[in-house]
*Asks:* 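Shown below is the structure under consideration.
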2 protein chains.
Amino acid sequence: MLREERFDHIISLLKRDGKVAYDLLSAELNVSEDTIRRDIETLHSNGLLAKVRGGAILPSRNPLSFQNRTAYLTEGKDVIALKAQQFIKKGQTVFMDGGTTICAIAAHLPLDSNFRVVTNNQALIPILSKFKEIEIIVLGGVYNRNTETNTGVKTCEEVKHYVADVYFMGTCAVQSKFGITAAINEDGEVKQAMLNSSIKKIALSNTEKLDGVHSFKVCDMQEIDVLITDIPSDDSRLDAYRNLGIKLV
Amino acid sequence: MLREERFDHIISLLKRDGKVAYDLLSAELNVSEDTIRRDIETLHSNGLLAKVRGGAILPSRNPLSFQNRTAYLTEGKDVIALKAQQFIKKGQTVFMDGGTTICAIAAHLPLDSNFRVVTNNQALIPILSKFKEIEIIVLGGVYNRNTETNTGVKTCEEVKHYVADVYFMGTCAVQSKFGITAAINEDGEVKQAMLNSSIKKIALSNTEKLDGVHSFKVCDMQEIDVLITDIPSDDSRLDAYRNLGIKLV
DNA sequence: ATTTGTACTGCAAATAAATGCAAATTTGCA
DNA sequence: TGCAAATTTGCATTTATTTGCAGTACAAAT
């Protein structure tokens, strides 16, 4: 039985009865009480239940607000988010910039993700807060209401204080010849700073953005190590990028 | 059996049961577990499933709830918030640090407020966002889930880049003899940095915090220009502060 | 105060994942 | 078809994680 199955079982029992107990769960699932204890600890540290002596109960107020989720959990972004996970290893430092695709990655992370995020994306903070093992470092700067990011000279300066193992770059437009381009130059400048301070550079693009162009050039395609899209990696639409030696996922 | 056939098999099994396990698949398809592992790795990197220890599950099974942030509008804080407004003039630069009292100030501002806020308070951003004329500058740093503030050396460094006309300091404990003290020293350090870079220093305290003491000393009372509380300014409980020459509101 | 059930710690065994390598298989091309 | 190159597969080894257990500390109930 997978650990996740036990999670499901615990949660659904909790929803049915309002409470669960270590001893009963242990007998029911044929694992030791310690294991149940650790499961409940994990679920608790992700805010899915409230731990009490002898078991767990439903959290006092559980506002499973789905309105919030829907904004960035659309088809293609789901796929990109799942594909992205494999590039994050425990203990690493990860740059994440702005955009809803980046938020989708965060929303789909495994419950026990353990790494450090350095970001200028304000919308990411409440999402990441749920993952208790993730260290969140915020890059300050001038806040932009539309993009929900902090940008400007200060932000770019801040970026230089870090070296990231991985950089997940949300993109506005990706094109094999003109490279990656942005609509807002403040955002583009942060992207350039992050490129300069990261080891593995991963660009994220859904099909609509693919082969698009904006006016502010961020970088050439060759600077990118991996391109994650919402279509199968062997799709012919990606041939131009494959020929540039970019790993496609 | 072709690799694609195995893929099909895995996916349909996943759709039927919501999960698949390496060992079962291996036995069922007569290939080694390593092969199944690699198949699932491939499917994962195409975003078709979510990998977990021992197998894989459907991507949708990641239940995440989102926190609400509306616990900052209580009694005394309303009063303090309204009293605070008079100190902000159009075009000024204002430091605002952490705490729910600060959030209350923001929530009560007139809609046409026009000034610049420099803050390390993440909870403040969504509140301030609705005031279109307010420029928001975020101070980055290490994000603290409990206080919803960014703190640390980087934050303090950032503060030095600004000079504020007014600093609204949220307090944990205020006492005429021991001055202002904080429970968390990271927060205290940011407060000290802000004190050093601001012209008018305004401390905010509700009656519960008044005359309290914590272990990290932020500053003496004499450093404060104005003390805003939720009780009338001529209340005898404030005599000790009045005698120190602090303006009471 | 004593008893009973619960929680935490460290540890060792079991289990799973990642890695490297060689054999087997498929593919591309003349 | 024949052959080399590339890919896939299974296996052995190493590394990491999970699990159950024993001991102990702790808290509540009698």
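Labels below follow one simple rule: chain letters A, B, ... track the order of the sequence lines, proteins then strands, and each chain is numbered from 1. Values below: every heavy atom of this structure, side chains too, minus hydrogens, waters and symmetry copies.
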*Asks:* Applying side-chain hydrogen bond (donor to acceptor under 3.5 Å, both in side chains), name anything that partners Asn185(B), two or more places apart in sequence or on another chain.
*Replies:* none

*Asks:* What integer distance in Å separates Asp23(A):CG from dG5(C):C1'?
*Replies:* 10 Å

*Asks:* Give the angle between the helix axes at the two ends of the helix from dA1(C)-dT30(D) to dA30(C)-dT1(D), taking five base pairs at each end and rounding to 10°.
*Replies:* 40°

*Asks:* Identify, between Arg6(B) and Met1(A), the residue whose nearest nucleotide on DNA chain D lies closer to the 5' end.
*Replies:* Arg6(B)

*Asks:* Can you tell me the distance, in whole Å, between the CD atom of Glu4(A) and the P atom of dT17(D)?
*Replies:* 15 Å

*Asks:* What string of B, S and - do you get for nucleotides 19-28 of chain C 5' to 3' if you count protein non-hydrogen atoms under 4.0 Å?
*Replies:* B---------

*Asks:* Compare the minimum distances between each of dA17(C), dG10(D), dT6(C) and the side chain of Val31(B), then state the nucleotide with the smallest one.
*Replies:* dG10(D)

*Asks:* I need the NE2-P distance between His44(A) and dA7(C), as an integer number of Å.
*Replies:* 12 Å

*Asks:* Tell me, please, which residues at least two apart from Ala203(A) pass side chain to side chain contact (heavy atoms under 4.5 Å, CB included).
*Replies:* Thr171(A), Ile180(A), Ile224(A), Leu227(A)

*Asks:* Scan residues 238-249 of chain A for pairs that pass side chain to side chain donor-acceptor pair (under 3.5 Å), counting only residues two or more places apart or in two chains.
*Replies:* Asp211(A)-Tyr241(A), Asp239(A)-Arg242(A)

*Asks:* What integer distance in Å separates Lys51(B):NZ from dA16(C):C1'?
*Replies:* 12 Å

*Asks:* Judged by each residue's nearest nucleotide on DNA chain C, which is more toward the 5′ side, Glu41(A) or Tyr22(B)?
*Replies:* Glu41(A)

*Asks:* Looking at side-chain heavy atoms only, is the closest gap between Val20(B) and Leu13(B) below 4.5 Å?
*Replies:* yes

*Asks:* Count the heavy atoms of every other residue, nucleotide or ligand shown that sit under 6.0 Å from NZ of Lys19(A), and state whether that count exceeds 12.
*Replies:* no

*Asks:* Kindly write out the residues that satisfy side-chain hydrogen bond (donor to acceptor under 3.5 Å, both in side chains) with Glu28(B), not counting sequence neighbours, or none if the list is empty.
*Replies:* His9(B)

*Asks:* Provide, to the nearest angstrom, the distance between the NZ atom belonging to Lys89(A) and the P atom belonging to dT15(D).
*Replies:* 17 Å

*Asks:* Map Ser32(B) and Arg3(A) onto DNA chain D by nearest heavy atom, then report which one ends up closer to the 5' terminus.
*Replies:* Ser32(B)

*Asks:* Salt bridge (Lys or Arg N to Asp or Glu O under 4.0 Å): which pairs involve residues 41-57 of chain A, sequence neighbours left out?
*Replies:* Glu41(A)-Lys51(A)

*Asks:* For Arg37(B), which residues count as a side chain to side chain contact (heavy atoms under 4.5 Å, CB included) partner, sequence neighbours excluded?
*Replies:* Tyr22(B), Glu33(B)

*Asks:* What is the distance, to the nearest angstrom, from the NZ atom on Lys90(A) to the P atom on dA16(C)?
*Replies:* 19 Å

*Asks:* Given atom CD1 of Ile36(A) and atom P of dA7(C), what is their separation to the nearest angstrom?
*Replies:* 13 Å

*Asks:* Is there any protein nitrogen or oxygen under 3.5 Å from a nitrogen or oxygen in nucleotides 23-30 of chain D, and what are the pairs?
*Replies:*
none

*Asks:* Please list all pairs meeting salt bridge (Lys or Arg N to Asp or Glu O under 4.0 Å) that have one or both residues in residues 189-210 of chain A, counting only residues at least two apart or in different chains.
*Replies:* Asp97(A)-Lys191(A)

*Asks:* Taking 4.0 Å as the cut-off, does a side-chain nitrogen or oxygen of Arg37(A) come that near to OP1 or OP2 on dA7(C)?
*Replies:* yes

*Asks:* Only counting residues at least two apart or in another chain, list the ones meeting side chain to side chain contact (heavy atoms under 4.5 Å, CB included) with Gln222(A).
*Replies:* Asp220(A), Leu244(A)

*Asks:* Could you state the atom-to-atom distance from CD of Glu33(B) to P of dA16(C) in whole Å?
*Replies:* 7 Å

*Asks:* Pairing donors with acceptors under 3.5 angstrom, does anything connect the side chains of Thr229(A) and Asn206(A)?
*Replies:* no

*Asks:* Run the side chain to side chain contact (heavy atoms under 4.5 Å, CB included) test against Arg145(B) and tell me which residues pass, sequence neighbours left out.
*Replies:* Lys132(A), Ile134(A), Ile136(A), Tyr143(B)

